[in-house]
Amino acid sequence: MKFIKQNTDAFSITKLTELVGISRSFYYRHQNKEKVKFSYLEQRIQQLTKENHFLYGYRKIHTLISKEFSVDINKVARAMRKYG
């Protein structure tokens, strides 16, 4: 990905992706994944799990977070599963 970004001024993205051996759609799909930032909910989940020494599951974390603001339990479970 860095190679393609560095050489976009000299060559087209189509030529560069062919050279690297990936499709253009793959490049565009994964281009934004490098800039992933955590949402406030995900940051708060990480903070609570660290504070509790990674002992609480999604149910207990959901209970703690729901005291602050309304969030669905499935969203908490998905975020915890996503980041381990």
Side-chain angles (χ1 to χ4, degrees):
M1 294 293 195
K2 283 185 179 181
F3 174 76
I4 294 174
K5 286 183 182 180
Q6 291 171 349
N7 294 308
T8 53
D9 54 342
F11 301 101
S12 70
I13 291 179
T14 305
K15 294 289 183 188
L16 289 170
T17 54
E18 286 176 3
L19 180 67
V20 175
I22 59 173
S23 65
R24 266 190 17 216
S25 61
F26 179 85
Y27 169 73
Y28 284 116
R29 188 178 324 123
H30 290 83
Q31 180 180 7
N32 295 331
K33 288 190 178 184
E34 296 173 2
K35 301 175 185 176
V36 173
K37 293 186 178 181
F38 297 118
S39 69
Y40 177 73
L41 172 68
E42 293 168 341
Q43 289 175 355
R44 188 67 181 126
I45 288 172
Q46 288 179 348
Q47 182 182 10
L48 285 172
T49 53
K50 287 178 185 176
E51 287 174 4
N52 296 298
H53 308 287
F54 300 96
L55 296 175
Y56 290 171
Y58 72 94
R59 290 183 181 105
K60 195 85 154 190
I61 297 295
H62 173 259
T63 304
L64 296 172
I65 286 181
S66 62
K67 292 177 183 176
E68 297 174 25
F69 54 93
S70 177
V71 65
D72 187 36
I73 192 167
N74 293 327
K75 195 167 192 171
V76 173
R78 259 185 262 119
M80 288 183 71
R81 192 177 317 117
K82 183 177 178 182
Y83 299 110

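Everything numeric here is computed off the predicted structure, so don't read it as measured data. In this chain, residues are counted from 1 in sequence order.
Side-chain atoms of Lys15 and Leu19, non-hydrogen and from C-beta on, never get closer than 4.5 Å to each other.
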### Task
Apply the test side chain to side chain contact (heavy atoms under 4.5 Å, CB included) to residues Thr17 and Phe26: give CA-CA distance (whole Å), side-chain angles for both, the deciding distance (0.1 Å), then the verdict.
CA-CA 9 Å; Thr17 54; Phe26 179 85; over 6 Å; no
### Query
Step by step, would you call Tyr56 with Leu48 a side chain to side chain contact (heavy atoms under 4.5 Å, CB included)?
CA-CA 9 Å; Tyr56 290 171; Leu48 285 172; over 6 Å; no
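Taking OH from Tyr40 and CD1 from Ile45, the interatomic distance works out to 11.0 Å, rounded to the nearest 0.5 Å. With values rounded to the nearest 0.5 angstrom, Asp9 atom CG is found 7.0 Å from Asn7 atom CG. Separating the NZ atom in Lys75 from the OG atom in Ser70 is a distance of 10.0 Å, to the nearest 0.5 Å. Here the CD1 atom belonging to Ile65 is positioned 12.0 Å from the CG atom belonging to Asp72, to the nearest 0.5 angstrom. Put simply, NZ on Lys5 and CD1 on Ile13 are 10.0 Å apart, with the number rounded to the nearest 0.5 Å. In this structure, CG on Leu64 lies 14.5 Å from CZ on Arg59, to the nearest 0.5 angstrom.
The nearest pair of heavy atoms linking Tyr58 to Met80 is CA-SD, 3.4 Å.
Judged purely by distance below 3.5 Å, without hydrogens or angles, the side chains of Ser25 and Ser23 pair a donor atom with an acceptor atom.
Leu41 and Phe54 are members of different hydrophobic clusters when ILVMFWY side chains are connected at heavy-atom separations under 4.5 Å.
Of the possible donor and acceptor atoms, one in the side chain of His62 sits under 3.5 Å from a partner among the backbone N and O of Val71.
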